[in-house]
Amino acid sequence: LMALAATGLTGAHAWAADEKSTGIAIRNARLVPVSAPVIEKGTLLIRDGRIQALGPRVSVPRGVRTVDGKGLTAYPGMLE
């Protein structure tokens, strides 16, 4: 299962499990990747239980559940 820790996003692992086939996109969040610079207003795309993309201009495919992460910080890939 993909790893995600996010301030204010309780149950993020449950989201990933429930939306495994369609995916989840967290938009407008502050993203703090393990080995890249901080992205102040980015999108994190999770599909099939894995991080598929993250960045300031990620295209979200049709059918993916979208969550507004405004005011939240996500640490993609930090925990497993």
Side-chain angles (χ1 to χ4, degrees):
L1 190 59
M2 75 85 212
L4 171 70
T7 304
L9 290 177
T10 56
H13 263 94
W15 276 356
D18 293 343
E19 302 291 335
K20 190 170 181 174
S21 61
T22 58
I24 297 172
I26 302 171
R27 290 187 155 172
N28 302 315
R30 181 174 188 263
L31 305 177
V32 184
V34 172
S35 59
V38 172
I39 301 163
E40 290 301 328
K41 190 175 179 183
T43 298
L44 175 63
L45 177 61
I46 304 161
R47 293 188 81 182
D48 296 323
R50 297 184 165 266
I51 297 170
Q52 188 172 46
L54 63 99
R57 292 178 293 280
V58 172
S59 178
V60 178
R62 178 178 269 172
V64 171
R65 179 179 175 185
T66 302
V67 176
D68 185 12
K70 183 178 179 180
L72 302 177
T73 298
Y75 299 86
M78 187 169 264
L79 304 172
E80 263 194 73

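Given the structure is predicted, the values throughout are model-derived calculations rather than measurements.
With hydrogens and angles disregarded, no donor-acceptor distance shorter than 3.5 Å links the side chain of Asp48 to the backbone of Arg50.
Hydrophobic clustering (ILVMFWY, side-chain heavy atoms < 4.5 Å, transitive): Val67 and Ile39 are in one cluster. Linking ILVMFWY side-chain heavy atoms closer than 4.5 Å, directly or via other members, places Ile46 and Val58 in two distinct hydrophobic clusters.
Nearest heavy-atom pair, Pro76 versus Ile51, reported as atom, atom and distance to 0.1 Å: CB-CD1, 3.5 Å. What you find for Val64 and Ala25 is that their closest heavy atoms are CG1-N, 3.6 Å. Summarising the geometry of Pro33 relative to Pro37, their closest heavy-atom pair is CD-O, 3.6 Å, with the distance given to 0.1 Å. Residues Gly55 and Leu31 approach most closely at N-CD1, 4.1 Å, considering heavy atoms. The nearest pair of heavy atoms linking Pro61 to Arg47 is CG-NH1, 3.5 Å.
Atom CD1 in Ile24 sits 10.0 Å away from atom OG1 in Thr66 (nearest 0.5 Å). Atom CZ of residue Arg27 and atom NZ of residue Lys70 lie 15.0 Å apart, to the nearest 0.5 angstrom. Interatomic distance, Leu44 CG to Gln52 CD, rounded to the nearest 0.5 Å: 10.5 Å.
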